[in-house]
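For ligands, and for the atoms within them, numbers begin at 1 and follow the listed sequence. The first residue of the sequence shown is numbered 1, and numbering continues consecutively from there.
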Amino acid sequence: AGCSWGYGPKNGPDHWHELGFPIAKEGTRQSPIEIKNAEAKFDQNLKPLNLSYDPTSSKSICNTGTTVQVDFDDCTDRSVLTGGPLCGKYRLRQLHFHWGACDTHGSEHVIDGKTFAGELHLVHWNAEKYCEFNEALKAPDGLAVIAVLLKVCEANQALQKIVCSLECLKSKGAKTDFKDFSACSLLPSCLQYWTYPGSLTTPPLCECVIWLVLKEPISVGADQLANFRKLEFGPCEPMQNNYRPPQASKCREIRKNFE
Ligand SMILES: NS(=O)(=O)c1c2ccccc2cc2ccccc12
Ligand SMILES: [Zn+2]
(Lines give C-alpha, C1' and ligand atoms only; values in the text may rest on other atoms or scores of the structure.)
(Ligands and ions follow the chains in the order given, each with its own letter.)
Protein backbone atom coordinates (compact mmCIF):
# COMPACT_ATOMS: atom_id res chain seq x y z
CA ALA A 1 0.00 0.00 0.00
CA GLY A 2 1.76 3.08 -1.33
CA CYS A 3 3.35 5.72 0.86
CA SER A 4 1.36 6.63 3.95
CA TRP A 5 -0.56 9.87 4.11
CA GLY A 6 0.96 13.05 5.47
CA TYR A 7 1.13 16.76 4.69
CA GLY A 8 3.91 16.78 2.08
CA PRO A 9 3.73 17.57 -1.65
CA LYS A 10 3.31 13.88 -2.56
CA ASN A 11 1.17 12.55 0.31
CA GLY A 12 -0.71 15.63 1.47
CA PRO A 13 -4.47 16.44 1.51
CA ASP A 14 -4.78 16.57 -2.31
CA HIS A 15 -3.47 12.98 -2.51
CA TRP A 16 -5.41 11.38 0.36
CA HIS A 17 -8.18 10.16 -1.99
CA GLU A 18 -5.60 8.09 -3.93
CA LEU A 19 -3.88 6.80 -0.79
CA GLY A 20 -6.83 4.69 0.32
CA PHE A 21 -9.28 7.35 1.48
CA PRO A 22 -11.74 7.98 -1.40
CA ILE A 23 -14.09 9.71 1.04
CA ALA A 24 -11.67 12.65 0.86
CA LYS A 25 -13.16 13.36 -2.57
CA GLU A 26 -16.53 11.58 -2.46
CA GLY A 27 -17.63 12.51 1.06
CA THR A 28 -20.66 14.73 1.65
CA ARG A 29 -19.64 16.10 5.06
CA GLN A 30 -15.87 16.61 4.99
CA SER A 31 -14.01 18.95 7.35
CA PRO A 32 -12.72 21.57 7.76
CA ILE A 33 -14.85 24.16 5.97
CA GLU A 34 -14.86 27.91 5.56
CA ILE A 35 -17.38 29.44 7.97
CA LYS A 36 -19.20 32.48 6.57
CA ASN A 37 -20.80 34.05 9.64
CA ALA A 38 -23.55 35.84 7.69
CA GLU A 39 -24.74 32.51 6.24
CA ALA A 40 -24.77 30.73 9.63
CA LYS A 41 -28.26 30.50 11.09
CA PHE A 42 -28.88 31.62 14.68
CA ASP A 43 -30.72 28.75 16.43
CA GLN A 44 -32.33 29.71 19.76
CA ASN A 45 -32.68 26.00 20.65
CA LEU A 46 -28.91 25.55 20.77
CA LYS A 47 -27.85 25.21 24.42
CA PRO A 48 -24.64 26.58 25.92
CA LEU A 49 -21.69 24.19 25.98
CA ASN A 50 -21.30 22.50 29.36
CA LEU A 51 -17.77 21.30 30.07
CA SER A 52 -16.80 19.37 33.17
CA TYR A 53 -13.14 18.39 32.91
CA ASP A 54 -11.24 16.63 35.72
CA PRO A 55 -7.59 17.82 35.53
CA THR A 56 -6.43 14.53 37.07
CA SER A 57 -7.74 12.69 33.97
CA SER A 58 -4.83 13.84 31.78
CA LYS A 59 -2.35 10.99 31.23
CA SER A 60 0.38 11.69 28.68
CA ILE A 61 1.55 13.87 25.80
CA CYS A 62 3.01 12.49 22.60
CA ASN A 63 4.31 13.27 19.12
CA THR A 64 1.96 11.19 16.94
CA GLY A 65 3.96 11.91 13.77
CA THR A 66 1.26 14.31 12.57
CA THR A 67 0.62 16.45 15.66
CA VAL A 68 1.30 16.82 19.38
CA GLN A 69 -1.48 15.20 21.39
CA VAL A 70 -2.49 15.10 25.07
CA ASP A 71 -4.34 11.89 25.97
CA PHE A 72 -6.94 11.66 28.73
CA ASP A 73 -8.41 8.72 30.66
CA ASP A 74 -11.76 8.18 28.91
CA CYS A 75 -12.69 4.89 30.64
CA THR A 76 -15.21 6.71 32.85
CA ASP A 77 -17.08 10.02 32.78
CA ARG A 78 -14.25 12.04 34.36
CA SER A 79 -14.06 14.75 31.71
CA VAL A 80 -17.27 15.28 29.79
CA LEU A 81 -18.96 17.70 27.40
CA THR A 82 -22.73 18.09 27.29
CA GLY A 83 -25.14 20.73 25.99
CA GLY A 84 -24.78 22.64 22.74
CA PRO A 85 -26.45 20.67 19.92
CA LEU A 86 -25.43 17.41 21.57
CA CYS A 87 -27.65 14.64 22.86
CA GLY A 88 -25.92 12.75 25.66
CA LYS A 89 -22.53 12.90 27.33
CA TYR A 90 -19.34 13.09 25.28
CA ARG A 91 -16.09 12.01 26.98
CA LEU A 92 -12.85 13.95 26.43
CA ARG A 93 -10.32 11.55 24.83
CA GLN A 94 -7.53 13.75 23.52
CA LEU A 95 -6.56 17.24 22.46
CA HIS A 96 -4.11 18.16 19.69
CA PHE A 97 -3.02 21.05 17.51
CA HIS A 98 -2.60 22.14 13.86
CA TRP A 99 -0.27 24.98 12.86
CA GLY A 100 1.52 26.62 9.92
CA ALA A 101 5.10 27.27 8.81
CA CYS A 102 4.50 30.94 9.61
CA ASP A 103 2.03 32.90 11.71
CA THR A 104 -0.28 33.89 8.82
CA HIS A 105 -1.78 30.42 8.33
CA GLY A 106 -2.09 27.04 10.03
CA SER A 107 -5.71 26.83 11.12
CA GLU A 108 -8.04 24.29 9.53
CA HIS A 109 -11.28 26.24 9.77
CA VAL A 110 -11.29 29.59 7.96
CA ILE A 111 -13.59 32.33 9.27
CA ASP A 112 -14.93 34.75 6.65
CA GLY A 113 -11.81 34.28 4.57
CA LYS A 114 -9.44 34.70 7.53
CA THR A 115 -6.91 32.00 8.36
CA PHE A 116 -5.37 31.84 11.84
CA ALA A 117 -1.90 30.76 12.99
CA GLY A 118 -3.18 27.47 14.33
CA GLU A 119 -6.08 25.51 15.79
CA LEU A 120 -6.63 23.45 18.96
CA HIS A 121 -8.98 20.46 18.79
CA LEU A 122 -10.56 18.83 21.86
CA VAL A 123 -11.85 15.42 20.76
CA HIS A 124 -14.82 13.86 22.61
CA TRP A 125 -16.88 10.72 21.90
CA ASN A 126 -20.46 9.78 22.73
CA ALA A 127 -19.88 7.25 25.50
CA GLU A 128 -23.55 7.25 26.44
CA LYS A 129 -24.61 5.78 23.10
CA TYR A 130 -21.50 3.81 22.00
CA CYS A 131 -19.46 1.25 23.93
CA GLU A 132 -16.11 2.31 22.60
CA PHE A 133 -14.36 5.02 20.61
CA ASN A 134 -13.91 2.93 17.45
CA GLU A 135 -17.66 2.28 17.38
CA ALA A 136 -18.35 6.02 17.72
CA LEU A 137 -16.08 6.63 14.70
CA LYS A 138 -18.70 4.82 12.56
CA ALA A 139 -21.65 6.90 13.76
CA PRO A 140 -22.90 10.27 12.44
CA ASP A 141 -23.15 11.57 16.01
CA GLY A 142 -20.23 9.60 17.39
CA LEU A 143 -17.80 12.42 18.08
CA ALA A 144 -17.83 16.06 19.11
CA VAL A 145 -14.74 18.18 18.50
CA ILE A 146 -14.34 21.66 19.97
CA ALA A 147 -12.14 23.79 17.68
CA VAL A 148 -10.35 26.83 19.13
CA LEU A 149 -8.53 29.21 16.78
CA LEU A 150 -5.03 30.36 17.77
CA LYS A 151 -4.02 33.97 17.14
CA VAL A 152 -0.44 35.15 17.62
CA CYS A 153 -0.19 37.90 20.20
CA GLU A 154 0.72 37.73 23.89
CA ALA A 155 2.00 34.42 25.28
CA ASN A 156 -0.61 32.04 26.70
CA GLN A 157 0.16 30.90 30.25
CA ALA A 158 -2.16 27.88 30.01
CA LEU A 159 -0.23 26.68 26.92
CA GLN A 160 3.14 26.99 28.63
CA LYS A 161 2.96 23.55 30.26
CA ILE A 162 2.49 22.04 26.79
CA VAL A 163 5.20 24.25 25.23
CA CYS A 164 7.70 23.21 27.92
CA SER A 165 7.10 19.51 27.20
CA LEU A 166 7.75 19.91 23.44
CA GLU A 167 11.53 19.76 23.72
CA CYS A 168 11.41 16.10 24.75
CA LEU A 169 8.82 15.24 22.06
CA LYS A 170 10.86 16.15 18.97
CA SER A 171 10.76 12.71 17.35
CA LYS A 172 7.74 10.79 16.07
CA GLY A 173 6.54 8.37 18.74
CA ALA A 174 8.06 10.32 21.64
CA LYS A 175 5.75 10.24 24.69
CA THR A 176 5.94 11.45 28.27
CA ASP A 177 3.74 11.68 31.37
CA PHE A 178 1.45 14.70 31.41
CA LYS A 179 -0.46 14.76 34.68
CA ASP A 180 -2.79 17.29 36.28
CA PHE A 181 -3.40 19.30 33.14
CA SER A 182 -6.52 21.47 33.09
CA ALA A 183 -7.88 21.32 29.52
CA CYS A 184 -10.49 23.96 30.29
CA SER A 185 -7.67 26.43 31.07
CA LEU A 186 -6.99 26.45 27.30
CA LEU A 187 -10.50 27.65 26.44
CA PRO A 188 -11.45 31.29 25.85
CA SER A 189 -13.79 32.99 28.32
CA CYS A 190 -16.62 33.17 25.76
CA LEU A 191 -17.89 29.77 24.58
CA GLN A 192 -20.17 31.03 21.78
CA TYR A 193 -19.82 28.70 18.77
CA TRP A 194 -20.73 27.75 15.24
CA THR A 195 -21.76 24.09 14.77
CA TYR A 196 -22.03 21.86 11.69
CA PRO A 197 -21.88 18.13 10.82
CA GLY A 198 -18.44 17.11 9.56
CA SER A 199 -15.58 14.65 9.65
CA LEU A 200 -12.13 13.94 10.99
CA THR A 201 -9.74 16.30 9.20
CA THR A 202 -7.15 13.55 8.91
CA PRO A 203 -7.44 10.07 7.42
CA PRO A 204 -9.56 7.97 7.84
CA LEU A 205 -11.72 11.14 7.47
CA CYS A 206 -14.76 9.40 9.07
CA GLU A 207 -17.94 11.50 8.78
CA CYS A 208 -18.75 11.15 12.47
CA VAL A 209 -17.95 14.56 13.97
CA ILE A 210 -20.27 17.25 15.27
CA TRP A 211 -18.01 20.31 15.05
CA LEU A 212 -18.19 23.11 17.61
CA VAL A 213 -16.01 26.00 16.39
CA LEU A 214 -15.59 28.69 19.08
CA LYS A 215 -15.98 32.27 17.91
CA GLU A 216 -13.34 33.65 20.31
CA PRO A 217 -9.72 32.70 19.51
CA ILE A 218 -7.10 32.13 22.21
CA SER A 219 -3.71 33.83 22.15
CA VAL A 220 -0.40 32.10 21.55
CA GLY A 221 3.01 33.79 21.77
CA ALA A 222 5.13 33.85 18.58
CA ASP A 223 7.95 32.03 20.38
CA GLN A 224 5.52 29.50 21.88
CA LEU A 225 4.33 28.66 18.38
CA ALA A 226 7.95 28.55 17.14
CA ASN A 227 8.50 25.71 19.62
CA PHE A 228 5.74 23.64 17.97
CA ARG A 229 7.66 23.95 14.68
CA LYS A 230 10.70 22.30 16.28
CA LEU A 231 8.79 19.00 16.41
CA GLU A 232 9.38 16.56 13.56
CA PHE A 233 7.05 14.51 11.31
CA GLY A 234 10.06 12.25 10.80
CA PRO A 235 13.87 12.62 10.79
CA CYS A 236 14.85 16.13 9.61
CA GLU A 237 11.24 16.91 8.60
CA PRO A 238 9.97 19.85 10.72
CA MET A 239 6.34 19.41 11.79
CA GLN A 240 4.50 22.38 10.30
CA ASN A 241 1.56 23.03 7.95
CA ASN A 242 -0.13 19.95 9.45
CA TYR A 243 -3.55 21.28 8.47
CA ARG A 244 -6.14 20.31 5.86
CA PRO A 245 -7.52 23.22 3.81
CA PRO A 246 -11.28 23.96 3.74
CA GLN A 247 -13.48 21.44 1.91
CA ALA A 248 -16.71 21.90 -0.06
CA SER A 249 -19.65 22.76 2.18
CA LYS A 250 -22.01 20.68 -0.09
CA CYS A 251 -24.98 22.67 1.16
CA ARG A 252 -24.55 21.87 4.83
CA GLU A 253 -26.30 24.12 7.32
CA ILE A 254 -24.04 25.94 9.75
CA ARG A 255 -25.80 27.07 12.94
CA LYS A 256 -24.67 29.41 15.71
CA ASN A 257 -25.81 30.04 19.28
CA PHE A 258 -25.26 33.79 19.15
CA GLU A 259 -26.82 36.69 17.26
N1 LIG B 1 -8.24 16.86 13.36
S2 LIG B 1 -9.27 15.87 14.03
O3 LIG B 1 -9.80 16.50 15.23
O4 LIG B 1 -10.28 15.55 13.03
C5 LIG B 1 -8.56 14.38 14.58
C6 LIG B 1 -9.44 13.45 15.16
C7 LIG B 1 -10.83 13.72 15.23
C8 LIG B 1 -11.66 12.79 15.79
C9 LIG B 1 -11.15 11.57 16.26
C10 LIG B 1 -9.81 11.28 16.20
C11 LIG B 1 -8.93 12.22 15.65
C12 LIG B 1 -7.58 11.95 15.63
C13 LIG B 1 -6.71 12.87 15.11
C14 LIG B 1 -5.35 12.57 15.14
C15 LIG B 1 -4.44 13.47 14.65
C16 LIG B 1 -4.89 14.69 14.11
C17 LIG B 1 -6.25 14.99 14.07
C18 LIG B 1 -7.19 14.11 14.57
ZN1 LIG C 1 -7.45 18.17 14.59
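There is a side-chain donor-acceptor pair under 3.5 Å between E108 and T201. Checked by atom type, the side-chain pair S107/T115 shows no donor-acceptor distance below 3.5 Å. With 3.5 Å as the limit, one finds a donor-acceptor pair spanning the side chains of N37 and K256. Judged by distance alone, the side chains of N242 and Q240 never bring a donor and an acceptor atom under 3.5 Å apart.
Around atom CD of Q157, no more than 12 heavy atoms belonging to other residues, nucleotides or ligands sit under 6.0 Å away. Atom NZ of K41 has 12 or fewer heavy atoms from other residues, nucleotides or ligands within 6.0 Å.
Close contacts between ligand 1 and F133 involve ligand atoms 9 (C), 10 (C) [criterion: under 4.0 Å to a heavy atom].
In Y243, neither the side chain nor the backbone holds a heavy atom less than 4.0 Å from any atom of ligand 1.
At least one test fails for R255 against the ring of F42: distance under 6.0 Å to the centre or angle within 45° of the axis.
With L143, L137, T201, T64 as candidates, the residue nearest to atom 8 (C) of ligand 1 on a non-hydrogen basis is L143.
Residue-ligand proximity: H98 is placed with a non-hydrogen atom under 4.0 Å from ligand 1.
Nearest N, O or S atom of H98 to the Zn ion (ligand 2): atom NE2. The nearest N/O/S atom of H121 to the Zn ion (ligand 2) is ND1.
For atom 3 (O) of ligand 1, the nearest protein heavy atom (residue, atom name, distance) is H96 CE1, 3.2 Å. Residue, atom and distance of the protein heavy atom nearest to atom 13 (C) of ligand 1 are Q94 NE2, 3.7 Å. Among protein heavy atoms, the minimum distance from atom 7 (C) of ligand 1 is reached at L200 CG, 3.6 Å. Distance from atom 16 (C) of ligand 1 to its nearest protein heavy atom, with residue and atom name: T202 CG2, 3.6 Å.
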